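Note: hydrogens, waters and symmetry copies are ignored here, and every other heavy atom, side chains too, is used. Residue numbers run from 1 in the order of the sequence given. Predicted model, so just to flag it, every value in this text is computed and none were measured.
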Amino acid sequence: MDSDNAAALITASRRYQIASEDLQLGMFIAELDRPWLDTPFLLQGFLADSQVEIDTLRKYCSYVYVDLELSSPEVADTIRRSEVRGDAPTPAPRIRKAAESDGPATRPLTPSATDAATAQVERRRATAGRVYKTRADVRISTDTRQRFRQFVRQTSGTSKDADEAGPIDRMIGWMRQLLRRGDAAGAMLGERERTSRDAIRAWLPGDIELETYEDSHSLEQELPRARSAFGHSEDVLKTLVTDVKAGRVPQVSEVAGAVDDMVSSMIDNPDALLWVGRLREEDVTTYNHGVKVALYLIALGRQLGFPKRELGQLGMIGMLADVGKIRLPRALLDKPGMLTNAEYGMIKEHVRLGLDALREAGGLPTEVELGIAQHHERLDGSGYPKGLKGNDISIFGRMAAIADSFAALITPRAYANPSAPQDALMNLYEWAGSSFHEPLVEQFVQAVGVFPVGSLVELSSGEVAIVVAHNRVRRLEPRVLVLTWPDKAPLSEPVERDLLTAPRSGTGRLRIVRGLPSGAYGLKLRDFYLSGIARANGLPG
């Protein structure tokens, strides 16, 4: 088998979009048309081998994506023959081959990798009925990718000819853009962002007066306080979880104090806390997940200009949204495979259980209760616990849904590898309008960045780097810390580069070509952080 054939086995050529009414036993379900967390399917990829699974898919999904290489040979042959005969319905489409541009780009395989690629396919086929851990098949449509790129271009200070501009021309462009953004309110936004914000303002409570925030500390200055605030929040939430588990009244006031510390740090420089949060990415405990959701909610609120009081409320929502899971059986939360209707009903109860536990402490603000109660509701009514639709979901519930889903997508799970943050953001964009409020998704992308702080990226040179801090004018040209050589072999000492001012080389301007998931190429950010190398590069703990 040559390298092209091997690559074809493990990329988008095997994925077909299948209408739910056309599903059959023996199909391997690689991806859904909605977030996995909004369905009873805990395994992100599975072989449909029971009618109950087929019926459940039809209940929750209009269409799914089927991996032919992992499906039963009979089913795969039937679909292939239908395509050859030309009788596979297309435009709607009930059966459609996924275009290569719909999935991650395929890197050419060297001859030495061909056998490994073939072996990988065989291993995945052999384990298809058990656990499917890769997220390489998370599907983002061509239309979504195009709309996402257009949005990023309009809001990140990037023009189509940016790659061709020299450093002086680019600097002049940045200066002009900065001048254009300065009006009486401190920001003259582009039409796209102005439209987005106007749509959000319509949902804000009347007493919220939006503010404009500027970074008052550098990343290096803010990191010590950020690390302390994150650690304090973890400790407080861990204690609260222990109290809930033991049936004691939780100390919600302690959580509020920890959130205030996070808010103060995020106001002065949001990159510092987001950096620290990414370094805890391998920890998926309930209290750690809660702190991360709180960070993303505060970052989104800061982006929108929420006052400090409302930022604190958002942080409380993130910290407390999943507390009710502590009162569910551990075996249920860790169960592999599809949940039964009764089990999924129990999972949905975690929202009520959490609110009941928190109300025992008293004094929970109405906005916080709303955010917790609605963080699993979806605009199209497919969420829970009440199946609320559109106008019935508050701004706090809408924001919590986005932050919670993003945190879940980029975090390693027992049943799925993490998505690259960039892909996770595009997934949110794919689901915007049906599950999530599109203007809020756009503002969330602005808040965390297309390549969020602390995320791994691959550069045009082939090197792998960590995003250290954003350049506020041109968000696609951040400061990075290069960790590897172009062949992905680790450097003995990382090298810091600012893509905003990096000089052009023989291969053009150095830029980010794609985001990478946590753990890519065996790189562990926490190991790097603890090694002391970060401190040597101006990133103290």
Side-chain angles (χ1 to χ4, degrees), residues 1-34 36 39 41 43-51 53-58 60-109 113-142 337-338 415-417 419 423 430:
M1 179 184 294
D2 60 28
S3 62
D4 289 339
N5 288 336
L9 281 175
I10 60 173
T11 54
S13 61
R14 66 178 182 224
R15 295 202 313 275
Y16 283 72
Q17 181 176 305
I18 309 290
S20 58
E21 61 264 31
D22 294 324
L23 290 173
Q24 301 174 28
L25 296 176
M27 289 182 172
F28 189 89
I29 312 302
E31 189 56 42
L32 311 180
D33 64 353
R34 64 193 59 249
W36 287 91
T39 74
F41 298 99
L43 291 183
Q44 299 184 6
F46 65 94
L47 187 69
D49 55 9
S50 77
Q51 190 58 42
E53 291 175 330
I54 297 293
D55 292 342
T56 303
L57 285 167
R58 288 171 178 164
Y60 285 92
C61 303
S62 297
Y63 58 86
V64 302
Y65 295 91
V66 170
D67 187 327
L68 297 195
E69 293 298 325
L70 297 175
S71 298
S72 71
E74 296 80 6
V75 168
D77 289 344
T78 298
I79 294 177
R80 291 190 180 106
R81 283 197 300 270
S82 297
E83 185 182 32
V84 170
R85 291 196 305 268
D87 58 2
T90 47
R94 296 176 68 179
I95 298 179
R96 184 178 75 85
K97 187 174 180 180
E100 290 188 12
S101 60
D102 287 352
T106 304
R107 297 177 61 80
L109 297 179
T114 301
D115 291 341
T118 306
Q120 180 188 14
V121 171
E122 294 303 321
R123 285 196 303 272
R124 290 179 63 191
R125 183 182 288 121
T127 61
R130 298 196 298 274
V131 178
Y132 182 72
K133 290 193 173 183
T134 183
R135 293 193 68 98
D137 287 325
V138 169
R139 198 263 187 183
I140 302 165
S141 69
T142 301
M338 190 188 83
Y415 44 79
N417 288 338
S419 288
D423 288 341
E430 176 100 6

Original post:
Does the pair Ile54 and Leu25 meet the rule for a side chain to side chain contact (heavy atoms under 4.5 Å, CB included), with working shown?
Top reply: CA-CA 7 Å; Ile54 297 293; Leu25 296 176; 3.8 Å; yes
Subject >> Closest contact, heavy atoms only, Phe28 versus Ser71 >> reply: N-OG, 2.8 Å
Original post:
Got a second to check how far Ile29's CD1 is from Leu70's CG, nearest 0.5 Å?
Top reply: 11.0 Å
**OP:** Begin with the C-alpha distance, continue with both residues' side-chain angles, and end with the deciding distance and a verdict on side chain to side chain contact (heavy atoms under 4.5 Å, CB included) for Ile79 and Ile18.
**Re:** CA-CA 10 Å; Ile79 294 177; Ile18 309 290; 4.2 Å; yes
**OP:** Report the distance from atom OH of Tyr65 to atom CE of Met27, rounding to the nearest 0.5 Å.
**Re:** 14.5 Å
**OP:** Give the minimum heavy-atom separation between Arg80 and Glu69, together with the two atoms involved.
**Re:** NH2-OE2, 3.1 Å
Original post:
Atom CE in Met338, atom CG in Asp49: separation rounded to 0.5 Å?
Top reply: 10.0 Å
Subject >> Considering all heavy atoms, the nearest Ala30-Asp67 contact >> reply: CB-CB, 4.1 Å
**OP:** Give a yes or no answer on whether the side chain of Asp33 reaches the backbone of Ser62 with a donor-acceptor pair at less than 3.5 Å.
**Re:** yes
**OP:** Please answer whether the main-chain N or O of Thr39 pairs with a side-chain N or O of Arg34 as donor and acceptor at a distance below 3.5 Å.
**Re:** no
Subject >> Leu23 versus Arg58, closest heavy-atom pair with distance >> reply: O-NH2, 3.1 Å
